[in-house]
Amino acid sequence: MTKKTYEQLEAYMKSCMQDSAHDMEHIYRVLYTALDIADHEKDVDYDVLICACLLHDIGRKAQFENKKVCHAKAGAAMAVRYLTEQGFDKDYTAKVEHCILAHRFRKGKGNQPDSTEAKILFDADKIDVTGAVGVARTLQYGGHASEPIYTRLPDGRIADGEEESADSFFHEYRHKLCNIHEKLYTKRGREIAGERKAAAEAFYKSLYREVTGAFQTGPELLERSLKAGGQ
């Protein structure tokens with residue numbers, strides 16, 4: 001890929017990115033992590049990989065405006081339209097399309113990355129929700145979407161994320177963040193995610209301990225104060 005082509009694709013990406021948790025810096029981190037992974041793989045088409053990394057989240061705005069929209073599908077369609085208009089080869093465009101379609105966490109046939117480039121993009125994108133940066137991005141996105149850090153169970157206990165289905169940081173951590181390294185395709189990707197796991201785990205445990213600690217003594221102290229005030 002020439003520098004001119006890269007700058008052309010980069011400019012289009014920048015014109016599409018408006019989500020603070022999936023901003024341009026996320027794109028660059030994914031790109032650079034993907035290049036790290038690619039350096040440990042064979043027969044990588046770097047033109048396809050770089051293009052797919054730059055454009056993989058351009059459909060985020062559409063999904064944020066309508067939660068029924070899949071940003072991977074929307075982004076793939078946008079990428080195909082743009083690359084076609086710019087005269088890129090159909091085979092090249094199709095490969096980029098597959099990478100973008102397959103980069104999102106989804107279940108079911110037809111959603112998994114098949115090509116080396118798609119697997120690398122998938123891993124690089126998921127690595128960016130691991131470790132300290134993953135915690136920061138998850139909290140940032142949750143705040144943007146008005147999701148709480150935690151929820152309460154019917155008996156008043158703080159839900160640890162495993163026990164409830166409502167959206168929260170604890171739920172996102174227990175159901176997604178803490179096991180990401182097990183779902184990656186590349187050896188290098190699993191190594192990077194594994195190195196970051198401890199940071200996210202330590203934050204989650206500390207945060208859970210702090211919020212549950214407040215509720216262990218707080219209700220009793222409040223009741224005591226109210227009784228004293230009523231005398």
Side-chain angles (χ1 to χ4, degrees), residues 16-27 29-30 33 56-75 103-108 111 122-184 192-226:
C16 299
M17 304 304 294
Q18 297 182 24
D19 182 342
S20 60
H22 301 88
D23 58 5
M24 289 184 291
E25 294 307 315
H26 164 67
I27 298 300
R29 290 193 302 271
V30 169
T33 301
H56 78 276
D57 266 352
I58 58 176
R60 278 285 178 181
K61 183 175 183 291
Q63 179 175 298
F64 194 80
E65 292 175 345
N66 181 358
K67 290 188 176 182
K68 293 182 179 180
V69 172
C70 169
H71 78 271
K73 291 182 179 180
H103 88 273
R104 188 185 181 195
F105 258 135
R106 286 172 295 170
K107 296 180 180 179
N111 295 324
F122 181 95
D123 285 8
D125 185 54
K126 301 306 160 284
I127 286 170
D128 209 46
V129 288
T130 63
V133 71
V135 168
R137 291 184 62 229
T138 301
L139 288 169
Q140 183 180 37
Y141 183 80
H144 197 42
S146 299
E147 294 175 1
I149 294 175
Y150 60 85
T151 58
R152 303 271 294 278
L153 297 172
D155 62 6
R157 291 183 298 118
I158 304 297
D160 65 4
E162 188 69 37
E163 305 166 278
E164 92 280 24
S165 58
D167 291 332
S168 70
F169 170 73
F170 284 174
H171 181 268
E172 184 75 359
Y173 175 80
R174 292 297 294 270
H175 287 266
K176 183 177 178 181
L177 272 63
C178 68
N179 296 315
I180 283 180
H181 65 288
E182 299 174 359
K183 298 176 173 64
L184 304 186
I192 298 172
E195 292 168 358
R196 297 184 178 193
K197 184 179 180 182
E201 184 176 6
F203 180 87
Y204 165 79
K205 288 182 176 179
S206 294
L207 185 58
Y208 183 71
R209 182 171 59 251
E210 290 174 13
V211 296
T212 54
F215 281 88
Q216 286 173 354
T217 57
E220 182 181 345
L221 294 173
L222 174 62
E223 185 66 22
R224 186 191 307 171
S225 297
L226 293 176

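Nearest heavy-atom pair, F122 versus L184, reported as atom, atom and distance to 0.1 Å: CE2-CD2, 4.3 Å. In plain terms, the two heavy atoms of T138 and F169 that are nearest each other are CG2-CD1, 3.7 Å.
Shown here are the side chain to side chain contact (heavy atoms under 4.5 Å, CB included) partners of S168, two or more places apart in sequence or in another chain: P148, T151, E164, F170, H171. Applying the side chain to side chain contact (heavy atoms under 4.5 Å, CB included) test to L221 and every residue at least two apart in sequence or in another chain returns T217, R224. In this view, R157 and D155, E163 satisfy the salt bridge (charged side-chain N to carboxylate O under 4.0 Å, His left out) rule, not counting sequence neighbours. Partners of N179 according to the side chain to side chain contact (heavy atoms under 4.5 Å, CB included) rule, which considers only residues two or more places apart in sequence or in another chain, are E182, K183. Remark: R209 engages no residue in a salt bridge (charged side-chain N to carboxylate O under 4.0 Å, His left out) (not counting sequence neighbours).
Taking CE of M24 as the start and CZ of R29 as the end, the distance is 12.0 Å to the nearest 0.5 Å. Atom-to-atom distance recorded for T212:OG1 and Y150:OH is 9.5 Å, nearest 0.5 angstrom. Rounding to the nearest 0.5 angstrom, the gap separating the CE atom in M17 from the CD1 atom in I58 is 9.0 Å.
Within the 4.5 Å cutoff, no side-chain heavy atoms of Y141 are placed close to those of E172. Residues I27 and H56 form a side-chain contact, since some pair of their non-hydrogen atoms from C-beta on lies under 4.5 Å apart. Looking at heavy atoms from C-beta onward, H181 lies out of side-chain contact with I192 at the 4.5 angstrom threshold. Between H26 and D23 the shortest side-chain heavy-atom distance falls below 4.5 Å. No side-chain heavy atom of T33 sits less than 4.5 Å from a side-chain heavy atom of D128.
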What side-chain donor-acceptor pairs closer than 3.5 Å can you find for residues 193-203, not counting sequence neighbours?
unit_1, atom_1, unit_2, atom_2, d
R196, NH1, I127, O, 3.1
E201, OE2, K205, NZ, 3.1

* Stepwise, does the side-chain contact (heavy atoms from CB on, under 4.5 Å) test hold for I149 with L207? -> CA-CA 9 Å; I149 294 175; L207 185 58; 3.7 Å; yes

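Other residues, nucleotides and ligands place more than 12 heavy atoms under 6.0 Å from the CG atom of L153.
Using a 30° and 60° split on the angle between ring planes, Y173 and Y204 fall in the parallel class, below 30°.
Between the side chain of H103 and the backbone N or O of A72 there is no donor-acceptor pair closer than 3.5 Å.
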